[in-house]
Amino acid sequence: MKLGIVGRPKVGKTTLFNLLTRSHQAVDKFGSVRETHVGTAHVPDARLDALSAIFKPKKHTPATVDFVDVPGIAKGEQEKIDLAALKNVDALVHVVRAFDDPDIPHEGGVDPARDARSLDEELVLSDYVVLEKRREKLDKDRKKTKSADLDAEWAAIERCRPVLEAGTPLRTLALAPEEEKRLRGFTLLSLKPLLVVVNVPDSEAAVDPVPRYGLDGFAAMEHVVVARAAAKIEMELNDLPEEDVSAFLADLGVSERGIDRILRASYRLLGVQSFFTAGEDECRAWTIPVGATALDAAGVIHSDIARGFIRGEVVPVEDLLALGSLAECKSKGKMRLEGKEYVVKDGDVVHFRFNV
Ligand SMILES: Nc1nc2c(ncn2[C@@H]2O[C@H](COP(=O)(O)OP(=O)(O)OP(=O)(O)O)[C@@H](O)[C@H]2O)c(=O)[nH]1
Ligand SMILES: [Mg+2]
C-alpha cells in the first residue's frame with residue numbers, strides 16, 4: 001500500500017512524512033528544496049504487540065504503508081506536479097494548513113477549506129491534461145487502425161472528459177471495472193481516494209471534537225476521509241524515549257498518537273484491514289481488503305500457500321489474547337477450521353494448512 005503526500009507549499013507535508021515514517025528529512029521555513037522523499041511507516045497495532053508478548057517470536061513484523069512526499073504545488077502550478085513519483089500510489093494524502101505562523105506566509109492566508117477545494121482543482125486540471133494528450137494520440141491511431149482496445153480506451157476517456165470539464169474530481173465517478181482497467185495506466189490524481197489531513201496548531205492537538213474548519217462538505221464526499229494531525233509536535237515525539245511519550249501525551253491531553261490516527265484513517269479510506277499470523281518464529285500483521293477470503297489472505301502471504309490451500313485455522317485475536325495460547329483456544333472451542341471461501345475478519349489470527 002502506498003500513499004502520496006501532496007499539498008500547497010509549506011503546509012507541513014515533509015513534517016507529516018517524517019512523523020509517519022520516522023525519517024529526518026529537512027523541513028524548513030524559507031528554503032524551497034524541491035525534493036521527493038519515499039519512506040515506510042510501520043502500522044502501530046497494540047494487538048500485534050500483545051501477540052508478540054505471548055509468543056516471544058524471533059521476528060516481530062508490523063504491517064507497513066509506504067509514503068511518497070512530493071514538493072508543494074503552488075497555485076496554478078499543476079504542471080510541476082511530480083507525476084512520476086505519484087504513479088502507483090493507492091491514495092493521496094492532502095495536507096492542509098490550519099496552523100498559523102507569522103514567519104511562514106501562506107498564500108491568501110490560512111484557510112483549510114479553500115486549500116482543499118483549490119488543490120482539487122489542480123488535480124482535476126492535471127488529469128485533464130494527461131487525458132487530453134492521450135486522446136489526441138488515440139484519435140490519430142483510431143483513424144489508422146480499427147481496434148476494440150482503442151475503442152474501449154476512447155470510451156473510458158470520453159466518460160471522464162465532461163466530469164473534468166465541469167471541474168469535478170474523478171473520484172466521484174462510479175467507474176465500471178472495465179473503464180477502471182483502461183485508465184489504470186495513467187496517473188489520474190483526482191481519481192485517487194483522498195485523505196485530507198488538517199495540520200492543526202499545537203493548541204488544538206487535543207481539542208475534541210476537532211474544529212471542523214469548513215471541511216464538512218469535503219468529509220461527506222465519496223472516497224474522502226478527513227483527519228487531523230499536529231504534525232510538528234507529534235513528529236518531535238518520535239525522538240523521545242518511548243516511556244516519556246505517554247507522559248508527554250497525557251500532559252497534552254492527547255489520547256491517540258497522530259501516527260495511529262492517520263494510519264487508521266488511511267485503512268478506512270482504502271477499505272483494508274489486518275489479519276495476523278502468530279508463532280514462535282514470527283508474529284506478523286498483514287493487510288487485506290475488507291471482504292477478502294481465506295484464499296485471498298493465503299495468497300498475500302505466498303502464492304504457494306494459496307495454490308496448495310487445505311484450510312485455515314482461525315482464532316479471533318481477542319480470544320487468543322484472553323486465553324494465552326493456541327492450545328487453550330483449541331480446547332475451549334475458540335479455534336475454527338475454515339475453507340477457501342471464508343471471509344477473513346479484522347483481527348483474525350490465521351494458520352494456513354497447505355500442500356504443494
Ligand atoms: N507551528 C507549526 N509549524 C509547522 C507545523 N508543521 C510544519 N510546520 C513548519 O512549517 C515549515 C514547513 O514545513 P514542511 O514540513 O517543510 O512543509 P512542506 O509542506 O513539506 O513544505 P514544501 O515541501 O517546501 O512545500 C517548517 O518550518 C515546519 O517546522 C505545525 O504543525 N505547526
Ligand atoms: Mg516538503
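Just follow the structure's listing: the first ligand is 1, and inside any ligand the first atom is 1. Remember, it's a predicted structure, so these values are computed and weren't measured experimentally.
A salt bridge links Lys143 with Asp139: the distance from a Lys NZ or Arg NE/NH1/NH2 to an Asp or Glu carboxylate oxygen falls below 4.0 Å. Ionic pairing of Asp69 and Lys13 is not present here: no N-O contact between side-chain nitrogen and carboxylate oxygen is shorter than 4.0 angstrom. Salt-bridge check for Arg182 with Asp149: passed, with a basic side-chain N closer than 4.0 Å to an acidic carboxylate O. Under the 4.0 Å criterion applied to side-chain N and carboxylate O atoms, Arg134 and Glu158 are not assigned as salt-bridge partners.
Coordination check, Thr14 versus the Mg ion (ligand 2): passed, since an N/O/S atom of the residue sits under 2.8 Å.
Close contacts of ligand 1 with Pro9, meaning ligand atoms under 4.0 Å from a residue heavy atom, involve 25 (O). Near Gly72, meaning under 4.0 Å from one of its heavy atoms, ligand 1 places the atoms 25 (O). Every atom of ligand 1 with a heavy atom of Ala231 under 4.0 Å away is listed here by number and element: 31 (O).
A continuous path of ILVMFWY side-chain contacts below 4.5 Å connects Val124 to Leu189, so both sit in one hydrophobic cluster. By the criterion of side-chain heavy atoms lying less than 4.5 angstrom apart, applied directly or through intervening Ile, Leu, Val, Met, Phe, Trp or Tyr residues, Val65 is grouped together with Leu20 in one hydrophobic cluster.
Heavy atoms of Asn199 found under 4.0 angstrom from ligand 1 belong exclusively to the side chain.
Nearest-heavy-atom check against atom 19 (O) of ligand 1 across Glu236, Lys13, Arg8 picks out Lys13. With Val11, Asp101, Ile104 as candidates, the residue nearest to atom 10 (O) of ligand 1 on a non-hydrogen basis is Ile104.
At a 4.0 Å cut-off, not a single heavy atom of Gly7 sits close enough to ligand 1 to count as contact.
For Gly12, a nitrogen or oxygen atom sits less than 3.5 Å from a nitrogen or oxygen atom of ligand 1, counting backbone and side chain alike. Every N/O-N/O distance between Asp100 and ligand 1 stays at or above 3.5 Å. Between Thr14 and ligand 1, at least one pair of N/O atoms sits closer than 3.5 Å. Close N/O approach between Asp202 and ligand 1 is not found [any backbone or side-chain N/O within under 3.5 Å].
By the 30° and 60° cut-offs, the orientation of the rings of Phe352 relative to Phe275 is perpendicular.
Thr145 and Ser147 are not linked by any side-chain donor-acceptor pair at a separation below 3.5 angstrom, with hydrogens and angles left out of the test.
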